[in-house]
Novice: 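Encoded as structure tokens, here's the structure I'll be asking about.
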Amino acid sequence: MTSTHKDGTVVAVQQNNPPHTADLVVVGAGIVGLAHAADAVLRGMSVVIIERDDQAVGASIRNFGHICITAQADAALQYALAGRDRWLTLGRKAGFGVEECGTTVIARSADELAVLEEFASERGAEQATLLPRQGLEDLPFDLHQILGAAHLPLDLRVDPRAAVPAITAWLATEGATFHWNTTVGEIVDEGRGSVVARTPRGDIRGRTLVHATGHDVDRLYPQVAEEWQVERCRLQMLEVAPPAGRRIDPAILTGLSMLRYNGLSAMPSATAVAQRFAADAPELLEVAMNLMLTQRPDGAIVLGDTHHHARTHLPFDEELDAQLLLREGARLFGAPLTVLRRWRGVYATSPRTDFLVAAPSADVRVVSITSGIGMTTSLGLAPTVLDSF
């Protein structure tokens, strides 16, 4: 029997095997933790969720709400496809909107159009359909600069500010127990299917435990974070007013997105896209911009985003990131943009894996999606984690 302290020290602990209170304890009430809790509930398991804040306020609500399925590759694509039906199921059960609106990827240069042609040829019409410029009149963009686009019909869109609380509420109605404003200071695997999460409010026990605290893996499991070289990716994100009050149903990706999503970046012509940006707009690559957007139900447009990596970020945001986003957004729309809200997103990142799943002991799993696609893949990843116990 071992105990993991915040400083990473592993020590022996006396075993007493008291009664279990849950089949699964989840630490972290963000989307990754909720995904594991939801899968457990649907299996008929009893679940306890522990969250240090009084609501989810991290990456799970600071994102685009874009369930970006089709642009993924390899394991991420499999998890995304598996999670798609689960999103639709949870939307019905928990009562929040899941829009089957797809994604439109626009091409504003010949090399970007070549990427889309290659992608559509590889994936087929079920996943990607090419659109001519004449088919884009409903989009409020400067069409003179657009050569064509691809529509990815399987992608979904949610409002994360509504979806995450709704899933939380549904879990509670299904018997899951939440401990809010409760910090876990130590996790003790007592062996023989008994795990204890020690908190200032008392011990919380279960047969198994999933630690899903996003970019804060290193707070309780520094050795795991160091082994997988986990850092924090800081994002600049904006909410802007829609020009002329226009509606945009699909999520929108651009040429810069082709450099970030593995399914698109693997296309042969993506190299030419990267080379052109390096020559013509290196400042955009320096901030690792992914120019993309989604629209909220109230009409506000989420525009983003830039990316910076560090284990610990200084508290200062560079205004240049916002200026570049607004410049590129205005170029896309062909009109200046009005900022309604700004915020910093943070998620875990690792050069070694997109999906950190570590087993520091038999009945504990440390889980972090280390690639910024937690909303897209967590519901598909969770069943594989629970199956590993």
Novice: Applying salt bridge (Lys or Arg N to Asp or Glu O under 4.0 Å), name anything that partners Glu328, two or more places apart in sequence or on another chain.
Specialist: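 Scan of Glu328 (salt bridge (Lys or Arg N to Asp or Glu O under 4.0 Å), adjacent residues dropped) gives Arg331.
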Novice: Suppose we screen for side chain to side chain donor-acceptor pair (under 3.5 Å). Which residues come up paired with Ser269, at least two apart in sequence or across chains?
Specialist: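 Expected list: Glu118.
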Novice: Are Met258 and Leu147 connected in the hydrophobic side-chain network, where two residues link if heavy atoms are under 4.5 Å apart?
Specialist: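 No, because Met258 and Leu147 fall into different hydrophobic clusters, even though each may have its own neighbours under 4.5 Å.
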Novice: Apply side chain to side chain donor-acceptor pair (under 3.5 Å) to Asp155 and list each qualifying residue two or more places apart in sequence or on a separate chain.
Specialist: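 Checked Asp155 against side chain to side chain donor-acceptor pair (under 3.5 Å); matches are Thr70, Thr103.
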Novice: Hey, which of His313, His215, His309 is the one that makes side chain to side chain contact (heavy atoms under 4.5 Å, CB included) with Cys233?
Specialist: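 Result for side chain to side chain contact (heavy atoms under 4.5 Å, CB included) with Cys233: His309.
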Novice: I'd like to check the ring-ring contact (aromatic ring centres under 6.0 Å, His included) partners of His36; sequence neighbours left out, ordered by chain and number.
Specialist: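 So His36 forms no ring-ring contact (aromatic ring centres under 6.0 Å, His included) with any residue.
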Novice: Using modelled atom types only, decide if a donor and an acceptor are shared between the side chain of Gln78 and the backbone of Ala73 within a distance under 3.5 Å.
Specialist: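 It does not hold such a pair.
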Novice: Just so I know, are the side chains of Val230 and Leu356 near enough to count as touching, which here means a heavy-atom distance under 4.5 Å?
Specialist: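 Result yes, sub-4.5 Å side-chain heavy-atom pair found.
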Novice: With a 4.0 Å cut-off, would you call Arg344 and Asp321 a salt bridge?
Specialist: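 Judged by the 4.0 Å cut-off on N to carboxylate O distance, Arg344 and Asp321 do not form a salt bridge.
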Novice: Counting distance only, does the side-chain N/O of Thr254 pair as donor-acceptor with the main-chain N or O of Val105 below 3.5 Å?
Specialist: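 No: the side chain of Thr254 does not pair with the backbone of Val105.
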Novice: May I ask you to decide whether Arg234 forms a salt bridge with Asp317, counting only side-chain N to carboxylate O separations under 4.0 Å?
Specialist: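 Salt bridge between Arg234 and Asp317, a charged N being under 4.0 Å from a carboxylate O: yes.
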Novice: With Arg311, which residues qualify under salt bridge (Lys or Arg N to Asp or Glu O under 4.0 Å), at least two apart?
Specialist: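 Once residues adjacent in sequence are excluded, Arg311 has no partner under the salt bridge (Lys or Arg N to Asp or Glu O under 4.0 Å) criterion.
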Novice: What I'd like to find out is whether the side chain of Val27 reaches to under 4.5 Å of the side chain of Leu209, using heavy atoms alone.
Specialist: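 Yes, close enough: below the 4.5 Å cut-off.
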Novice: Tell me the ring-ring contact (aromatic ring centres under 6.0 Å, His included) pairs involving residues 158-179, sequence neighbours left out?
Specialist: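 The answer is Phe178-Trp180.
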Novice: I'd like to know if Ile146 and Leu293 are part of one continuous hydrophobic network [Ile/Leu/Val/Met/Phe/Trp/Tyr, side-chain heavy atoms within less than 4.5 Å].
Specialist: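 Yes, because Leu293 and Ile146 connect within a single hydrophobic cluster, where side-chain heavy atoms sit under 4.5 Å apart.
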Novice: Decide if atom CG of Asp142 counts as having more than 12 heavy atoms of other residues, nucleotides or ligands within a radius under 6.0 Å.
Specialist: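 More than 12 within 6.0 Å, yes.
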Novice: Quick one: do Arg108 and Gln145 satisfy side-chain hydrogen bond (donor to acceptor under 3.5 Å, both in side chains)? Show the steps, please.
Specialist: CA-CA 6 Å; Arg108 294 183 286 175; Gln145 60 178 304; 3.1 Å; yes
Novice: Asp363: what forms a side chain to side chain donor-acceptor pair (under 3.5 Å) with it, not counting sequence neighbours?
Specialist: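 Listed in chain order: nothing, the list is empty.
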Novice: Does a side-chain heavy-atom distance below 4.5 Å link His211 with Leu220?
Specialist: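 Yes - at least one pair of side-chain heavy atoms lies under 4.5 Å apart.
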Novice: Looking at Arg260 and Met289, would you say the former's side chain and the latter's main chain have a donor-acceptor pair under 3.5 Å?
Specialist: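 Checked: no pair found.
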Novice: If we count only N and O atoms by modelled type, under 3.5 Å, do the side chains of Arg232 and Thr349 hold a donor and an acceptor together?
Specialist: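 Not at all, the side chains of Arg232 and Thr349 share no donor-acceptor pair under 3.5 Å.
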Novice: Please determine whether a side-chain nitrogen of the Lys or Arg among Arg205 and Glu190 lies less than 4.0 Å from a carboxylate oxygen of the Asp or Glu.
Specialist: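 Glu190 and Arg205: salt-bridged.
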Novice: Just by distance, do the side chain of Asp39 and the backbone of Ala35 share a donor-acceptor pair under 3.5 Å?
Specialist: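 Flag not set: sc Asp39 to bb Ala35 has no pair under 3.5 Å.
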Novice: Can you list the residues that meet the ring-ring contact (aromatic ring centres under 6.0 Å, His included) rule with Tyr79, with sequence neighbours excluded?
Specialist: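 With sequence neighbours excluded, Tyr79 shows a ring-ring contact (aromatic ring centres under 6.0 Å, His included) to Phe355, given in chain and number order.
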Novice: State which residue, out of Val25, Val195, Val366, fulfils the side chain to side chain contact (heavy atoms under 4.5 Å, CB included) condition with Ile187.
Specialist: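 Single pass found, and it is Val195.
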Novice: State, with a plain yes or no, whether a side-chain heavy atom of Thr177 is found less than 4.5 Å away from one of Val47.
Specialist: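 Side-chain contact under 4.5 Å: no.
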Novice: ring-ring contact (aromatic ring centres under 6.0 Å, His included): which pairs involve residues 272-308, sequence neighbours left out?
Specialist: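 Every candidate ring-ring contact (aromatic ring centres under 6.0 Å, His included) pair involving residues 272-308 fails, so no pair, neighbours aside, qualifies.
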Novice: Tell me, please, which residues at least two apart from Asp54 pass salt bridge (Lys or Arg N to Asp or Glu O under 4.0 Å).
Specialist: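 Partners of Asp54 under the salt bridge (Lys or Arg N to Asp or Glu O under 4.0 Å) test: none.
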Novice: Indicate yes or no for a side-chain donor-acceptor contact from Arg201 to the backbone of Asn181 under 3.5 Å, with no hydrogens or angles considered.
Specialist: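 Confirmed, Arg201 side chain pairs with Asn181 backbone.
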Novice: Any salt bridge (Lys or Arg N to Asp or Glu O under 4.0 Å) pairs touching residues 374-389, not counting sequence neighbours?
Specialist: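 Matches after skipping sequence neighbours: Arg43-Asp387.
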Novice: Identify whether the distance between the nearest side-chain nitrogen and carboxylate oxygen of Glu239 and Arg296 falls below 4.0 Å.
Specialist: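 The answer is yes: the pair qualifies as a salt bridge.
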Novice: Find out if a path of hydrophobic residues (ILVMFWY) with successive side-chain heavy-atom gaps under 4.5 Å connects Met375 to Leu34.
Specialist: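 Yes: a chain of side-chain contacts under 4.5 Å links Met375 to Leu34.
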Novice: Would one find more than 12 heavy atoms of other residues, nucleotides or ligands at under 6.0 Å from atom CZ of Arg247?
Specialist: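 Atom CZ in Arg247 is crowded, with more than 12 foreign heavy atoms closer than 6.0 Å.
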Novice: Would you check if the side chain of Trp228 reaches a backbone N or O of Ser350 as a donor-acceptor pair within less than 3.5 Å?
Specialist: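 Between the backbone of Ser350 and the side chain of Trp228 there is no qualifying donor-acceptor contact (under 3.5 Å).
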Novice: Do Val273 and Leu259 have side-chain heavy atoms sitting under 4.5 Å apart?
Specialist: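 Yes, close enough: below the 4.5 Å cut-off.
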Novice: Does Arg276 pair with Glu112 as a salt bridge, N-O distance under 4.0 Å?
Specialist: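 Salt bridge between Arg276 and Glu112, a charged N being under 4.0 Å from a carboxylate O: yes.
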Novice: Does Thr199 reach the main-chain N or O of Val184 with its side chain, forming a donor-acceptor pair under 3.5 Å?
Specialist: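 No; judged by distance alone, with no hydrogens or angles, the pair does not exist.
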Novice: Counting N and O atoms only, with roles assigned by atom type, does the side chain of Thr376 sit under 3.5 Å from a partner on the main chain of Cys68, one being a donor and the other an acceptor?
Specialist: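 Between the backbone of Cys68 and the side chain of Thr376 there is a qualifying donor-acceptor contact (under 3.5 Å).
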Novice: Hey, what else clusters with Leu314 if you join Ile, Leu, Val, Met, Phe, Trp, Tyr whenever side-chain heavy atoms sit under 4.5 Å?
Specialist: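 Besides Leu314, the cluster holds Phe316.
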Novice: Looking only at atom types and distance, does a side-chain atom of Thr377 sit under 3.5 Å from a main-chain N or O of Ala76, one as donor and one as acceptor?
Specialist: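 No.
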Novice: Assess, by modelled atom type and distance only, whether the side chains of Thr294 and Arg157 contain a donor and an acceptor separated by less than 3.5 Å.
Specialist: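 No donor-acceptor contact under 3.5 Å links the two side chains.
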Novice: Going only through I, L, V, M, F, W and Y residues with side-chain contacts under 4.5 Å, is there a path from Ile49 to Val196?
Specialist: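 Shared cluster, no.
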Novice: Give the minimum heavy-atom separation between Pro250 and Cys101, together with the two atoms involved.
Specialist: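 Distance-wise, the nearest heavy atoms are CB-O, 3.7 Å.
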Novice: Could you report the tightest heavy-atom contact between Ala128 and Pro153, atom names first, then the distance?
Specialist: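 Of all heavy-atom pairs spanning Ala128 and Pro153, the closest is N-CD, 4.2 Å.
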Novice: With a 4.5 Å cut-off on side-chain heavy atoms, are Ile252 and Phe141 touching?
Specialist: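 In short, these two side chains touch, coming nearer than 4.5 Å.
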Novice: Does atom CD of Glu126 have more than 12 heavy-atom neighbours from other groups under 6.0 Å away?
Specialist: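 Count not over threshold, so no.
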Novice: Looking just at side-chain N and O atoms, do Asn290 and Ser257 make a donor-acceptor pair shorter than 3.5 Å?
Specialist: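 Yes, side-chain donor-acceptor contact under 3.5 Å.
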